[in-house]
Amino acid sequence: MTQGDNIISIQSVSKHFGPVKAVDDTSFNIKRGEFFSLLGPSGCGKTTLLRILAGFELPTSGEVTIDGQPMSTVPPHARPTNMVFQSYAIFPHLNVRENIAYGLRKRRLGKAETARIVEQALELIKMPGYGERRSDQLSGGQRQRVALARALVCQPKVLLLDEPLGALDKKLREEMQIELRQIQRTVGITFVFVTHDQEEALTLSDRIAVMSRGKVLQIDHSTRLYEAPNCREVAEFIGTMNILPGTIGEVSHGRANVAAGTHGAFEARTDGSAPRPGTPVLIAIRPEKLQMSWERPGLSVNSLAGKVGAVAYFGDRSHFYVDVEGCEKPLAVALQNGERRLDGSDLVGKPVWLSWEPDSAVLLPA
Ligand SMILES: Nc1ncnc2c1ncn2[C@@H]1O[C@H](COP(=O)(O)OP(=O)(O)O)[C@@H](O)[C@H]1O
Ligand SMILES: [Mg+2]
């Protein structure tokens, strides 16, 4: 990879607040033009990492490089970054036009040029004709778009966004996600986007870094994170994952035989290097990869007997929670309601069989 591919390089960065390791010896790169998300539960260090990129916090140790330039002695206003916050940080005493133009003040442009750029920005955020509106005449979504426009007219190389859609209701948030992605594609600026909402990260991002307790657990594309998580924490943070403990037995031709106590043995696919026989592992299966049936399935697939304990209805799909002897938690099975002919609640208490293809399971370190 040439140096030009990465716009941000984070090298062994830590940030300690007293005993709290908010960011704990983290290293990774962000590519030029990428929509990159930091995803993780509240308190895992996302905001701290973003503030380090912006220069509002100095790392306790480590180094950040942006566009080839080490940042350790560069103050926030001199960095090629700009930040958009969760709260609607636009000036209440200025109208929309003045708010956006505020971003341009440092560039000392003429009146006509300023007006032209502001008009362009209003087009970009789909708010032409809103220039004279005061901020109290705007909805939450519109205020956030104005904040975005104000940050973008500064032409930063990197835009840092800290849960910018977090205060919006679900419907509006989903609309804004699509718009945000379109805007990012149009301007081509690198976005570093912080969220604790996994669906939001999956929809928007080119790549996602999943964080936990100040560390990055996995960096990958949405589909890889969902289909091939590298550990239990990532698997359970992104969607729902059923987990069965087991021990690796014989491995051949990309297939492992996994002994799972009283459940017998299961077949699972191994990606690349397989763990050694005798290694404890976790068999992880997504709810939509489990089939539920009355009859015991054929021998070519993995199967387990259980009893339906509860049903959760989500409209488009339902989750059936199946109690299986020896499993600490019920296994979740997702069924699309378009294909389902039975009323789910009728099934509670019924014995069923669960089955899955060897390729549908992922092996995780125990
Ligand atoms: N200025 C600060 N002083 C002390 N502790 C802080 C400060 N900022 C953040 N923290 C702590 O660092 C950890 C990470 O916080 P933060 O980066 O805000 O997480 P996130 O944005 O993922 O919710 C938390 O435990 C938080 O309490
Ligand atoms: Mg935060």
Side-chain angles (χ1 to χ4, degrees), residues 8-30 34-64 66 71-72 75-77 79 81-90 140-141 143-144 147-148 151 156 158-170 173 176-177 180 184 190-205 207-220 222 225 229-239:
I8 296 177
S9 165
I10 295 164
Q11 301 135 32
S12 311
V13 166
S14 291
K15 178 69 187 181
H16 300 171
F17 296 107
V20 177
K21 292 180 178 172
V23 177
D24 189 7
D25 194 14
T26 289
S27 302
F28 61 93
N29 296 323
I30 297 174
E34 195 168 37
F35 197 121
F36 190 93
S37 294
L38 300 173
L39 171 68
S42 181
C44 72
K46 306 180 295 294
T47 295
T48 304
L49 193 51
L50 208 64
R51 289 173 58 82
I52 289 173
L53 295 180
F56 300 138
E57 303 280 0
L58 287 178
T60 310
S61 58
E63 176 74 285
V64 168
I66 301 182
M71 288 288 126
S72 53
H77 67 267
R79 295 191 180 201
T81 56
N82 217 311
M83 195 143 161
V84 176
F85 302 90
Q86 176 175 349
S87 54
Y88 315 124
I90 62 172
R143 275 182 236 176
Q144 238 6 15
L148 184 66
V158 176
L159 189 66
L160 308 167
L161 304 104
D162 194 359
E163 313 226 14
L165 311 181
L168 307 178
D169 62 63
K170 188 171 160 60
R173 201 164 73 213
M176 285 287 290
Q177 285 166 5
L180 194 62
Q184 192 269 340
T190 307
F191 277 27
V192 185
F193 181 88
V194 161
T195 182
H196 65 267
D197 179 335
Q198 12 125 351
E199 277 184 28
E200 184 162 282
L202 292 181
T203 343
L204 278 172
S205 320
R207 286 192 309 155
I208 301 168
V210 182
M211 292 183 67
S212 171
R213 294 181 298 271
K215 291 218 177 268
V216 170
L217 302 176
Q218 185 172 358
I219 299 181
D220 241 316
S222 301
L225 282 180
N230 67 3
C231 64
R232 180 175 196 154
E233 219 172 337
V234 171
E236 292 185 323
F237 190 70
I238 312 267

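One-based numbering, in listed order, for ligands and for the atoms of each. In this text the structure is predicted, and so the values were computed from the model without any measurement. The basis for the numbers below is simple: all heavy atoms, side chains too, and nothing from hydrogens, waters or symmetry mates.
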Practice prompt. Of all the heavy-atom pairs spanning L204 and Q177, show the shortest one and how long it is.
Written response: CD2-O, 3.0 Å
Worksheet item: If you look at every heavy atom in P59 and V13, which pair is closest and at what distance?
Response: CB-CG1, 3.9 Å
Worksheet entry | Rounded distance (nearest 0.5 Å) linking atom CG of L217 with atom CZ of R232 | 14.0 Å
Response to the item:
Distance col, row C44:SG vs D24:CG, nearest 0.5 angstrom, shows 12.0 Å
Worksheet item: Looking at S42, which atoms of ligand 1 are within less than 4.0 Å of one of its heavy atoms?
Response: 23 (O)
Discussion item. With heavy-atom distances below 4.0 Å as the criterion, list the atoms of ligand 1 near V20.
Written reply: 12 (O), 25 (O)
Practice prompt. Specify the protein heavy atom at minimum distance from atom 1 (N) of ligand 1: its residue, its atom name, and the distance to 0.1 Å.
Written response: F17 CE2, 3.5 Å
Worksheet item: Among all protein non-hydrogen atoms, which one is nearest to atom 24 (C) of ligand 1, and what is the separation to 0.1 Å?
Response: G43 O, 3.8 Å
Worksheet item: Is atom CD of E236 surrounded by more than 12 heavy atoms (other residues, nucleotides or ligands) closer than 6.0 Å?
Response: yes
Discussion item. Heavy atom to atom 18 (O) of ligand 1, shortest distance: which of D162, T47, T195 holds it?
Written reply: T47
Item to complete: Pick whichever of P41, A22, G45, S212 has a heavy atom sitting closest to atom 19 (O) of ligand 1.
Response: G45
Worksheet item: Should E233 and K215 count as an ion pair when the cut-off is N to O under 4.0 Å?
Response: no
Discussion item. Can you confirm whether some protein heavy atom lies under 4.0 Å from atom 10 (N) of ligand 1, or whether none does?
Written reply: yes
Worksheet entry | Protein non-hydrogen atom below 4.0 angstrom of atom 14 (C) of ligand 1 present | yes
Item to complete: Examine ligand 1 and decide if any of its atoms is less than 4.0 Å from a heavy atom belonging to C44.
Response: yes
Item to complete: Identify which one of K170, E200, Q86 satisfies the side-chain contact (heavy atoms from CB on, under 4.5 Å) criterion when paired with L165.
Response: E200
Discussion item. Would you say S14 and D25 are linked by a side-chain donor-acceptor pair, where the criterion is simply a distance under 3.5 Å?
Written reply: no
Fill in: Metal check, the Mg ion (ligand 2) vs T48 N/O/S, cut-off below 2.8 Å
no
Worksheet item: Of the backbone atoms (N, CA, C, O) and the side-chain heavy atoms from C-beta on, which set of T48 has a member under 4.0 Å from an atom of ligand 1: side chain, backbone, both, or neither?
Response: both
